[in-house]
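As structure tokens, the structure follows; a few thoughts come after it.
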Amino acid sequence: MASRVRWSVGRVNRRQFLRAAAALGASTAALSLAACGGGGTASTPTISGSGQAATKAPSPVVVTTQASASSGPSASGATTPTTLASSAITPTAGSNAPAAKNQVVIYTDQASPRSIDPANALESNSLHVVRAAYEGLVANITGTTEIQPRLATGWKVSDDAQSYTFTLRQGVKFHDGTTMDATAVKKSYDRVKQMNLGPAALLDSVDQVKAIDDRTVQIVLKRPHAYFMSYVTKIGIVSPAAWEQHDKGGDLGAAWLEANTAGTGPFRLTELKRNESTTLERFDGYWRGWEGNHLTKIQIPVVPETTTRAQMLQSGDAHFTPQLSAEDVQRLQGKPGINVMISKNFEIDIITMNVSKPPLNDVRVRKAMQYAFDYQGYLDKVLLGNGNLPTGPIAPDYPSFNPALPPFKQDLEKAKQLLATAGVSNLSLDANYVNTLVGEQQSASILQSSLKQIGVTLNLKPLPWATMFKIMGSPDDAMPMSNLLMSTFTADPTFTLNQNYGATFVGKPYNWSYYSNDAAQKLIDQATGTLDKQKSYQLLQQAQQLIIDDAPAIFYANPKAVEAVSSKVQNYVWDPVDYYWQVDWYNIYLSQ
Amino acid sequence: MAVFVIRRFAILLGLILAMIIALFVLSHLIPSDPARVAVGPEATQQAVDAMRHKMGLDKPVIVQLGIYLRNTIRLDLGTSIYDGQPVLGSILKYAPASFELAIVSMFMSVALGLALGIYSAAYQGTLFDGTSRLVAIAGRAIAPFWLAILLQVVFYGRLRWFPSGTRLDLSGIDEPKRITGMYLVDSLLTGNWHAFANSAYHLVLPAFALGLGGIAEISRMTRATMLIELRREYTRTARAKGLSESTTLFRHVVRNAINPVVTIIGIRFGYLLAGTVLIESIFRWPGIGRYSLLAIQNLDFPAIMGATLFVTVAFAIVNLLVDILYGFLDPRIRYA
């Protein structure tokens with residue numbers, strides 16, 4: 001007999017339903033708590049949290065990246081007790097930890113390289129590839145501003161600092177098998193100038209490059225430049241045979257070089273999937289050879305979300321996750337398999353003040369702004385103690401730093417007095433910042449609340465980067481205040497000062513203060529041509545004092561570089577004079 | 001029917017034209033410097049000017065619009081400012097990934113939504129019905145990207161049951177030979193079971209995050225129409241004739257209740273295409289959503305316009321297909 005039972009049976013009354021709903025809600029809550037539960041396996045945060053063998057072999061190299069650096073010149077930037085420093089470690093060069101079998105490092109980037117052509121690439125993501133595949137005549141000793149030989153074995157600087165002559169290393173091969181020689185160097189430099197993209201600005205001071213003979217190159221500058229060596233580290237030498245062979249319609253091989261590498265560097269590009277991942281593999285013919293512990297492969301997957309990157313680091317699916325916020329890094333602190341590295345950084349964060357228009361054209365008003373900002377608050381609450389109180393446009397240990405300068409301190413009374421003296425009241429100012437950068441947003445907010453206390457209204461305008469460029473580059477539209485995180489990608493203090501305060505950069509990136517000072521400029525120009533470092537630094541310190549007196553910006557922070565790295569990574573040192581997050585791929589390796 | 005389709009296409013063309021003009025005007029109102037973005041902040045002013053000329057940005061806006069329209073007709077959507085690749089090429093490269101995700105997600109929504117809806121109607125008033133109502137409300141209320149992050153944290157971060165994202169494992173597996181660009185299809189067509197299994201494995205979390213909202217909508221709609229149909233006379237007749245409950249339900253009632261669901265599928269597809277932007281970002285899915293997000297972040301106008309155009313066309317075509325589908329499902333509907 002077929003069943004005649006209807007399927008809609010058993011009405012449930014309200015009490016039963018509520019009970020069931022509550023049970024569902026409770027179990028969901030329990031599930032989410034389990035998921036977000038912090039701390040994980042409660043291991044006490046110790047320095048060797050990864051449980052690996054101690055890597056404390058004292059390094060002969062001057063690696064100045066220790067967290068609580070209270071030695072020497074940086075003592076002036078007194079730091080408050082940090083929450084992270086005590087359990088952060090700094091892997092020193094020369095680690096002895098046994099190498100793992102799998103030497104494939106996974107480095108998560110937020111986006112694909114914009115370009116991998118050394119004559120085009122100038123930002124972090126792009127340079128991850130370029131620095132692995134191309135080398136310059138000289139290189140920085142990572143972590144310092146010192147120079148060491150690379151493709152050149154020696155060099156001579158003329159007394160007038162206008163001519164640099166390099167002796168090249170013999171027997172170095174490019175990825176395509178051709179030999180590196182003086183012609184290759186000359187052509188590489190000429191190519192950068194001809195392409196006339198970002199990197200061409202680095203060779204602004206170069207007049208011509210001559211191949212004297214097979215192993216001698218001479219770079220002749222337009223004017224004397226005592227700090228030119230720093231730029232030589234940035235220009236990667238490309239195999240001319242490679243780009244000439246693949247030249248398409250006079251593009252100097254640009255199209256081909258976006259999909260291939262042809263340098264002398266330890267790694268070559270094997271795969272570039274835009275917006276997905278980039279892969280580089282060992283170049284077997286690399287001139288330094290592969291004895292000892294080295295990587296075999298570099299994989300750079302694109303992971304735009306910070307939460308995902310942090311999870312990948314925790315689960316061991318990634319070894320590097322740059323660009324995490326301070327809170328994210330703090331959350332990773334003490335987790336097994338993760339080291340939080342806190343390194344010296346020459347970055348100075350500033351809020352620019354447009355001196356070309358009232359009311360900020362009055363130095364007293366500008367000084368009032370400086371006194372209003374809560375420097376200690378920013379250091380404690382935003383940087384979580386990882387940084388120094390700034391003293392001016394140059395950071396501790398950077399060439400020409402003046403340790404005698406006092407740190408900036410908030411003084412609301414002085415600020416009010418200055419405003420009164422200047423005769424301004426009921427000020428209302430616009431301040432912009434990059435909408436995606438948390439640090440900038442927080443500094444802007446802190447300034448806003450500080451200024452409220454002295455009767456000044458700050459209108460915050462978050463903007464996308466490209467828009468900010470457009471607005472600040474136009475003298476009519478430029479807002480009174482903008483926000484910049486000035487990292488030093490060269491060890492050239494004249495450039496570091498000129499970039500923000502130099503006459504030739506007024507209204508251009510990054511002199512958005514529209515400021516210039518003839519006396520300071522003269523000193524900077526003089527220092528540029530002075531080979532004697534001590535004399536040069538003295539001149540620059542005088543220039544710095546003039547700039548500080550003019551108060552064209554609020555120097556609000558000198559943050560340390562905070563990075564969470566897998567504890568398997570050995571010999572990694574933060575490079576404070578290159579674009580962010582660059583890695584010395586040849587020197588690092590993975591331990592077991 | 002043919003006239004109907006042609007008319008719809010004409011409307012679509014008009015829509016595209018209007019959209020291009022609107023986007024063009026908007027993008028020129030926003031102050032930004034694409035030439036500067038293309039050469040980077042360190043380049044000299046001279047380099048910026050050269051790039052501006054190369055991009056044709058120094059011509060009057062009307063002329064630029066004309067050039068863009070002319071190129072679009074020739075299927076040349078321009079070159080991305082950010083990565084220098086042709087926009088149309090990039091879109092065609094990334095579209096299959098988004099389609100695959102949307103289709104799988106849609107399947108999940110429809111299958112689970114229908115099942116939930118039908119059984120909720122059949123068991124109206126029971127605990128099952130009440131629970132599925134809760135699930136439906138939660139599904140509609142929960143933001144997909146939040147759910148995506150939660151799924152990732154729980155099922156990848158904590159439990160390690162599922163991967164963190166992308167379409168295949170990072171190493172140890174190659175893409176299936178590219179025929180359609182959709183890995184499930186391609187791996188089936190080439191008999192690559194390893195790739196099929198791996199792609200399916202990677203699809204679970206993102207498809208579910210995208211699809212939960214659809215499950216909710218479809219189940220509620222199905223339930224409602226089912227309940228109406230269950231009270232109709234033909235249902236009573238079928239039961240009176242002696243047909244089993246399941247035959248009554250599935251051969252008669254469900255077929256009448258399905259029409260509104262088909263509408264939802266059409267609308268839902270639009271949401272899927274839009275929702276993919278954040279989901280793709282969280283799961284590192286190399287699709288149109290991610291491409292659009294990057295384009296927006298970089299104020300890469302050719303790419304933004306290309307992606308928007310593409311989504312508009314896709315959405316319009318899907319809805320057209322849905323409308324045609326009505327004609328087959330319900331013989332009462334005919335198009336003049």
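In what follows, every chain begins at residue 1, and chains take the letters A, B, ... in the order their sequences are listed.
- Put simply, of A:T467, A:D477, A:D204, the one with the most heavy-atom pairs under 4.5 Å next to chain B is A:T467.
- Residue contact with chain A, scored on non-hydrogen atoms closer than 4.5 Å, is absent for B:L230.
- A:S112 touches chain B through its backbone: at least one of N, CA, C or O sits under 4.5 Å from a heavy atom, while the side chain does not.
- Per-residue heavy-atom pair counts under 4.5 Å with chain A were compared for B:S281, B:G157, B:G165, and the maximum is reached by B:S281.
- B:S164 pairs in a side-chain contact (heavy atoms from CB on, under 4.5 Å) with only one of the listed residues (A:Q311, A:R309, A:M312), which is A:M312.
- Looking at B:F283, there are no atoms closer than 4.5 Å to chain A (heavy atoms on both sides), in backbone or side chain.
- Annotation for B:R284 and A:V302: closest pair CG-O, 3.4 Å, computed over non-hydrogen atoms.
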Given B:Y94 and A:R274, is the side-chain contact (heavy atoms from CB on, under 4.5 Å) satisfied, shown in steps? CA-CA 10 Å; B:Y94 297 127; A:R274 287 229 131 71; 3.4 Å; yes
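- Residue B:Q85 holds its CD atom at 10.0 Å from CG of A:N275, rounded to the nearest 0.5 Å.
- Heavy-atom distances place no part of B:T166 under 4.5 Å from chain A, backbone and side chain included.
- Contacts of A:T308 with chain B are made by both backbone and side-chain atoms, with heavy-atom separations under 4.5 Å.
- Within a 6.0 Å sphere centred on CZ of B:F128, heavy atoms belonging to other residues, nucleotides or ligands number more than 12.
- Among A:E305, A:E258, A:Q299, the residue making the largest number of heavy-atom pairs under 4.5 Å with chain B is A:E305.
- Options A:V303, A:T307, A:I471 differ in how many heavy-atom pairs under 4.5 Å they form with chain B, and the most are formed by A:V303.
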Where do B:E175 and A:K273 land on the salt bridge (charged side-chain N to carboxylate O under 4.0 Å, His left out) test, with the steps shown first? CA-CA 12 Å; B:E175 296 171 11; A:K273 281 202 259 184; 3.0 Å; yes
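- Interface residue B:R160: only side-chain heavy atoms are found under 4.5 Å from chain A.
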